[in-house]
Amino acid sequence: MTNTTDYNYMEAMTKDIKEYIKNEITLSDYSDRDELEEYLNDTLWTEDSVTGNARGSYALNTYKAEEYICHNIDLLAEAIQEFGCEENVLQKGADWCDVVIRCYLLRRAIAKALDDMEEELEEAFKEAEETEV
């Protein structure tokens, strides 16, 4: 179990993305990494098991979301600046803040997950290429 006082968003999201790929993606359906990466960026933006963006909460528990962001305030500030948010963050609540961080890190976490899966991806793309011939 993750110690939430040391919650690492990139590590957690990379794990969630790998799990999503394992359960929901047929790698050989994609011709290359770029195609897969584009699909994942579009799809995972609203995937609750990765960002929580569709329902507005990843954790489905405000206290847990507060724990996640507790030692990641700098990351939250980066995300808010990147997205140009002008809302009062404190009024939006911990679940909103948690989702904002996840959406902010999504592209990097997808890239990290795919880097970690590089060998598996290469095999699947090669297999797909051979099947097409």
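Throughout, residue positions are numbered sequentially from 1 according to the sequence presented.
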What distance do Asp116 atom CG and Thr14 atom OG1 have between them, rounded to the nearest 0.5 Å?
-> 6.5 Å

Do you know which two heavy atoms are closest between Ala111 and Arg33, and how far apart they sit?
-> O-NH2, 3.1 Å

Single-linkage hydrophobic cluster Tyr7~Val99, side-chain heavy atoms < 4.5 angstrom | no

Residues Leu40, Leu114; criterion side-chain contact (heavy atoms from CB on, under 4.5 Å); working and verdict = CA-CA 10 Å; Leu40 291 171; Leu114 295 179; 4.1 Å; yes

Is a donor on one side and an acceptor on the other found under 3.5 Å between the side chain of Asn72 and the backbone of Tyr68?
-> yes

OH (Tyr58) and NZ (Lys64) are apart, to the nearest 0.5 Å, by 9.0 Å

At their closest point, which heavy atom of Ser49 faces which heavy atom of Glu47, and how far apart are they?
-> OG-OE2, 2.9 Å

When rounded to the nearest 0.5 angstrom, what is the spacing between CG in Asn61 and CD in Glu66?
-> 9.0 Å

Where do Asp95 and Thr62 land on the side-chain hydrogen bond (donor to acceptor under 3.5 Å, both in side chains) test, with the steps shown first?
-> CA-CA 6 Å; Asp95 287 304; Thr62 301; 2.8 Å; yes

Arg107, CZ: over 12 other non-hydrogen atoms inside 6.0 angstrom | no

Closest approach of Leu105 to Met13 (non-hydrogen atoms, all atoms of both residues) = CB-SD, 3.9 Å

Taking atom CD1 of Ile25 and atom CD1 of Ile17, what is their separation to the nearest 0.5 Å?
-> 11.5 Å

Ion pair Arg108/Asp115, N-O distance below 4.0 Å | no

Hey, any chance Tyr39 and Val50 share a hydrophobic cluster, counting ILVMFWY side chains that come within less than 4.5 Å of each other, even indirectly?
-> yes

Joint hydrophobic cluster, Met10 plus Tyr104, side-chain heavy atoms closer than 4.5 Å = yes

Heavy atoms from other residues, nucleotides or ligands near NZ of Lys18 exceed 12 (cutoff 6.0 Å) | yes

Decide side-chain contact (heavy atoms from CB on, under 4.5 Å) for Asp98 and Tyr9; before the verdict, give the C-alpha distance in whole Å, the side-chain angles of both, and the deciding distance to 0.1 Å.
-> CA-CA 9 Å; Asp98 180 53; Tyr9 275 94; 2.6 Å; yes

In sequence, state the C-alpha distance, the side-chain angles, and the governing distance for Asp16 and Tyr20, and then conclude on side-chain contact (heavy atoms from CB on, under 4.5 Å).
-> CA-CA 6 Å; Asp16 289 343; Tyr20 180 87; over 6 Å; no

Provide the closest heavy-atom pair for Leu60 versus Ser57 in the form atom of the first, atom of the second, distance.
-> N-OG, 2.8 Å

N/O donor-acceptor pair under 3.5 Å between Thr51 side chain and Trp45 backbone | yes

Here the gap from Leu36 atom CG to Met117 atom CE, rounded to the nearest 0.5 Å, amounts to 8.0 Å

For a quick test of your reading: what N or O donor-acceptor pairs under 3.5 Å do the side chains of residues 79-86 make, sequence neighbours left out?
none

Distance, nearest 0.5 Å, that separates CG of Leu75 from SG of Cys97 | 11.5 Å

Looking only at heavy atoms, the pair that brings Ile69 and Ile101 closest together is CG2-CD1, 3.7 Å

Answer yes or no: are there more than 12 heavy-atom neighbours, outside Glu38 itself, under 6.0 Å from its atom CD?
-> no

What heavy-atom pair brings Ala124 and Leu27 nearest, and what distance separates the two atoms?
-> CB-CB, 3.4 Å

